[in-house]
Amino acid sequence: MCTTQFLRYVNRIRVSYYPLNPYNGRAKEWINQMLNPRMAKLNPKCDVDYKIVMDGSPCSLNVTFIDGTHMDFNLDKTPMFLVGQQMKYHHSRIEAKRMIQGLDDEDDWEVGTEATVEKKDDKGKKK
């Protein structure tokens with residue numbers, strides 16, 4: 001389904017599904033993966049929420065990245081490999097932008113803002 005590498009830059013995941021939908025297995029797989037304790041350790045800041053809907057609506061996956069980008073997927077029509085490819089592509093864009101700005105994984109990046117790089121000396125003090 002998905003690899004853990006591109007979940008580092010995800011802030012929020014919302015999954016909703018209708019129990020009688022034949023494609024609800026895709027939504028349940030996302031829920032199982034995201035509620036796995038190993039995933040929680042990988043990205044403890046990620047907010048995972050799921051909802052069982054009774055109105056017959058299609059299964060959906062809503063992902064919010066740390067740069068404020070939202071991706072909405074209709075899991076009834078979108079194959080899982082395309083969901084993974086699109087998320088992986090956006091992850092690589094975020095990673096490249098962070099590398100250009102000189103940020104590493106420990107640096108915080110607020111949602112929807114461009115990070116600024118502060119110069120620090122060897123002792124960690126601002127220059």
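Reckoned from all heavy atoms, side chains included, excluding hydrogens, waters and symmetry mates. Keep in mind that this is a model prediction, so the values were computed, not measured.
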Enquirer: Under a 4.5 Å side-chain heavy-atom rule over Ile, Leu, Val, Met, Phe, Trp and Tyr, are Met80 and Val63 clustered together?
Expert: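 As far as the 4.5 Å side-chain criterion goes, Val63 and Met80 are connected within one cluster.
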Enquirer: Which value, rounded to the nearest 0.5 Å, describes the distance between Asn21 atom CG and Leu75 atom CG?
Expert: 9.5 Å
Enquirer: Can you measure from CD (Glu29) to CZ (Arg26) and round to the nearest 0.5 angstrom?
Expert: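 Answer for the CD-CZ pair, Glu29 versus Arg26, is 12.0 Å.
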Enquirer: Tell me the closest heavy-atom pair linking Asn43 and Arg8, and the distance in Å.
Expert: ND2-O, 3.5 Å
Enquirer: For the atom pair NZ (Lys97) and CG (Asp67), what is the distance rounded to the nearest 0.5 Å?
Expert: 6.0 Å
Enquirer: Testing the basics here: between Pro19 and Ile52, what is the closest heavy-atom pair and its distance to 0.1 Å?
Expert: CG-CG2, 3.5 Å
Enquirer: If two hydrophobic side chains count as joined below 4.5 Å and joins carry through other members, does Val83 share a cluster with Tyr9?
Expert: yes
Enquirer: Check whether Val53 and Leu20 end up in the same hydrophobic cluster, where Ile, Leu, Val, Met, Phe, Trp and Tyr are linked by side-chain heavy atoms less than 4.5 Å apart.
Expert: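 Yes; tracing contacts between hydrophobic side chains, which count when under 4.5 Å, links both residues.
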Enquirer: How many angstroms lie between atom NZ of Lys88 and atom CD of Glu95, to the nearest 0.5 angstrom?
Expert: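 So the gap between those two atoms works out to 11.0 Å.
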Enquirer: Taking all heavy atoms of Ala27 and all of Tyr17, pick out the closest pair and write down the distance.
Expert: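 Nearest pair, atom of Ala27 first, then Tyr17: CB-CB, 3.7 Å.
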Enquirer: Determine the minimum heavy-atom distance between Cys59 and Asp76, stating which atoms define it.
Expert: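 Cys59 and Asp76 have their closest heavy atoms at N-OD1, 3.3 Å.
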Enquirer: Spell out, yes or no, whether Met87 and Ile66 are grouped together once hydrophobic residues are joined by side-chain heavy atoms under 4.5 Å, including indirect joins.
Expert: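 As far as the 4.5 Å side-chain criterion goes, Ile66 and Met87 are connected within one cluster.
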Enquirer: Treating Ile, Leu, Val, Met, Phe, Trp and Tyr as nodes and any side-chain heavy-atom pair under 4.5 angstrom as an edge, say whether Leu61 and Tyr23 lie in one connected cluster.
Expert: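 No, because Leu61 and Tyr23 fall into different hydrophobic clusters, even though each may have its own neighbours under 4.5 Å.
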Enquirer: Could you pull out the closest heavy-atom pair between Tyr50 and Leu35, with the gap in Å?
Expert: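 So the minimum-distance heavy-atom pair works out to CE2-CD1, 3.8 Å.
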Enquirer: Can you sort out the partners of Asn24 under side-chain hydrogen bond (donor to acceptor under 3.5 Å, both in side chains), two or more places apart, ordered by chain and number?
Expert: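 Expected list: none.
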Enquirer: If you measure from OG1 on Thr64 to CZ on Arg12, what distance do you get to the nearest 0.5 Å?
Expert: 4.0 Å
Enquirer: Quick one: OG on Ser60 to CH2 on Trp30, what's the gap to the nearest 0.5 Å?
Expert: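 The OG atom of Ser60 sits 12.5 Å away from the CH2 atom of Trp30.
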Enquirer: Take Phe65 and Met71 through the side-chain contact (heavy atoms from CB on, under 4.5 Å) test and state the conclusion after the steps.
Expert: CA-CA 8 Å; Phe65 289 89; Met71 290 186 158; 3.6 Å; yes
